[in-house]
Amino acid sequence: MGRITPESGSSLDISNNIYEYITNAFLDDFSNLIVLKGGKDQQLASSYRPISLLPTIGKVLEKLMTQRLTYHLESTNSLNDRQHGFRDDKSVDTAINELLSKRWQTCLSALY
């Protein structure tokens with residue numbers, strides 16, 4: 001990775017470069033464990049399951065990048081209004097409510 005300067009590009013480009021640098025620096029810190037499933041035969045490979053332990057810094061960076069990306073997408077209105085998942089103040093309930101209210105309006109307009 002080269003030097004990060006204000007001329008390097010947008011703040012998103014700089015954030016991506018920093019994230020890539022830190023991720024590569026801590027890549028060796030990933031730990032993989034193989035755990036025996038309870039009550040299973042130790043001789044069978046299917047009795048074991050792998051577990052990856054992510055470093056704490058990776059979890060923190062992931063959260064920060066998610067917040068920055070969400071803010072960018074919301075502030076630039078890049079998300080479709082029909083996108084209800086993973087958005088503040090929207091959920092499955094709001095999606096169903098929107099669908100049913102549009103269907104109800106269609107039915108009423110057909111009757112009158």
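A single hydrophobic cluster is seen to contain both Leu69 and Leu79, as judged by linkage of ILVMFWY side chains at heavy-atom distances under 4.5 Å, directly or through other members.
The OG1 atom of Thr66 sits 10.5 Å away from the CG atom of Leu61 when rounded to the nearest 0.5 Å. Here the straight-line distance linking atom OG1 of Thr94 with atom CG of Asp89 works out to 9.0 Å at 0.5 Å rounding. Between the CZ atom in Arg68 and the CG atom in Leu73 there is a gap of 12.5 Å [rounded to 0.5 Å].
Under the 3.5 Å distance criterion, the side-chain polar atoms of Gln83 are matched with a main-chain donor or acceptor of Gly85. Proximity of a side-chain donor or acceptor of Lys90 to a complementary backbone N or O of Arg82 within less than 3.5 Å is not detected. A donor-acceptor distance shorter than 3.5 angstrom exists from the side chain of Ser109 to the backbone of Thr106, with no hydrogens or angles considered.
Annotation for Lys40: atom NZ does not count as buried by contact number, only 12 or fewer foreign heavy atoms lying within 6.0 Å. Within 6.0 Å of atom CD in Gln42, 12 or fewer heavy atoms from other residues, nucleotides or ligands are found, so the atom counts as exposed in its surroundings. More than 12 non-hydrogen atoms from other residues, nucleotides or ligands lie less than 6.0 angstrom from CG of Asn80. Enclosure of atom CG in Asp41 by more than 12 non-hydrogen atoms of other residues, nucleotides or ligands within 6.0 angstrom is indicated.
In this view, Glu74 and Arg87 satisfy the side chain to side chain donor-acceptor pair (under 3.5 Å) rule, not counting sequence neighbours. With sequence neighbours left out, Leu100 forms a side chain to side chain contact (heavy atoms under 4.5 Å, CB included) with Ile96.
No side-chain heavy atom of Lys59 sits less than 4.5 Å from a side-chain heavy atom of Lys63.
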